[in-house]
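Computed over heavy atoms, backbone and side chain alike; hydrogens, waters and symmetry mates excluded. What you see is a predicted model, and the numbers here were worked out from it, not measured in a lab.
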Amino acid sequence: IFEIGRIYERQKNYTDALQQYSRIIYRILDNPELYTQTGIQIGIKAYINFEKIEKSAGNYERVNLLYNRIREADVPNFNP
């Protein structure tokens, strides 16, 4: 899913890229079995890309909402 998001981003299809990145993040947050080193690394990359796109569009509120959701989930080592 992450690579699909990157492809959408390169195509400047930011809506679909954001959807892919948020899917990754929420999938990790909702499934403790994905709290692996690899899962967390991919989740952080997805969050960074999500944040970059949203901030460039001026959508700071969406970034803050997702960041707070990540903090509330208290996933070990998920520190974007």
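- Pairs of residues two or more places apart, or lying in two chains, that qualify as salt bridge (charged side-chain N to carboxylate O under 4.0 Å, His left out) and include a residue from residues 62-80 are D30-R69, E54-R62.
- Pairing each heavy atom of G5 with each of A17, the nearest pair is O-CB, 3.5 Å.
- Cluster note: L65 groups with no other residue, as no ILVMFWY side-chain heavy atom lies under 4.5 Å from it.
- I28 CD1 to E33 CD: the interatomic distance, rounded to the nearest 0.5 Å, is 11.0 Å.
- Atom CD of Q37 has 12 or fewer neighbouring heavy atoms from other residues, nucleotides or ligands inside a 6.0 Å radius.
- Annotation: side chain to side chain contact (heavy atoms under 4.5 Å, CB included) contacts of F2 (sequence neighbours excluded): R6, Y21, I24, I42, K45, A46, N49.
- Evaluation of the side chain to side chain contact (heavy atoms under 4.5 Å, CB included) rule for Q20 yields I1, I4, Y8, R23 as partners, not counting sequence neighbours.
- Shown here for A73 and L29, the closest heavy-atom pair between the two residues is CB-CD2, 3.7 Å.
- In this structure, E61 places its CD atom where only 12 or fewer heavy-atom neighbours from other residues, nucleotides or ligands lie under 6.0 Å away.
- Residues I7 and Y14 do not share a hydrophobic cluster, clusters being chains of Ile/Leu/Val/Met/Phe/Trp/Tyr side chains in contact below 4.5 Å.
- Between V75 and the options L34, I40, I25, a side-chain contact (heavy atoms from CB on, under 4.5 Å) holds for only I40.
- Distance alone, capped at 3.5 Å, is enough to place a donor-acceptor pair between the N68 side chain and the N64 backbone.
- Legend: ring-ring contact (aromatic ring centres under 6.0 Å, His included) pairs involving residues 26-71, not counting sequence neighbours: none detected.
- Every side-chain hydrogen bond (donor to acceptor under 3.5 Å, both in side chains) that D16 has, sequence neighbours left out, goes to N13.
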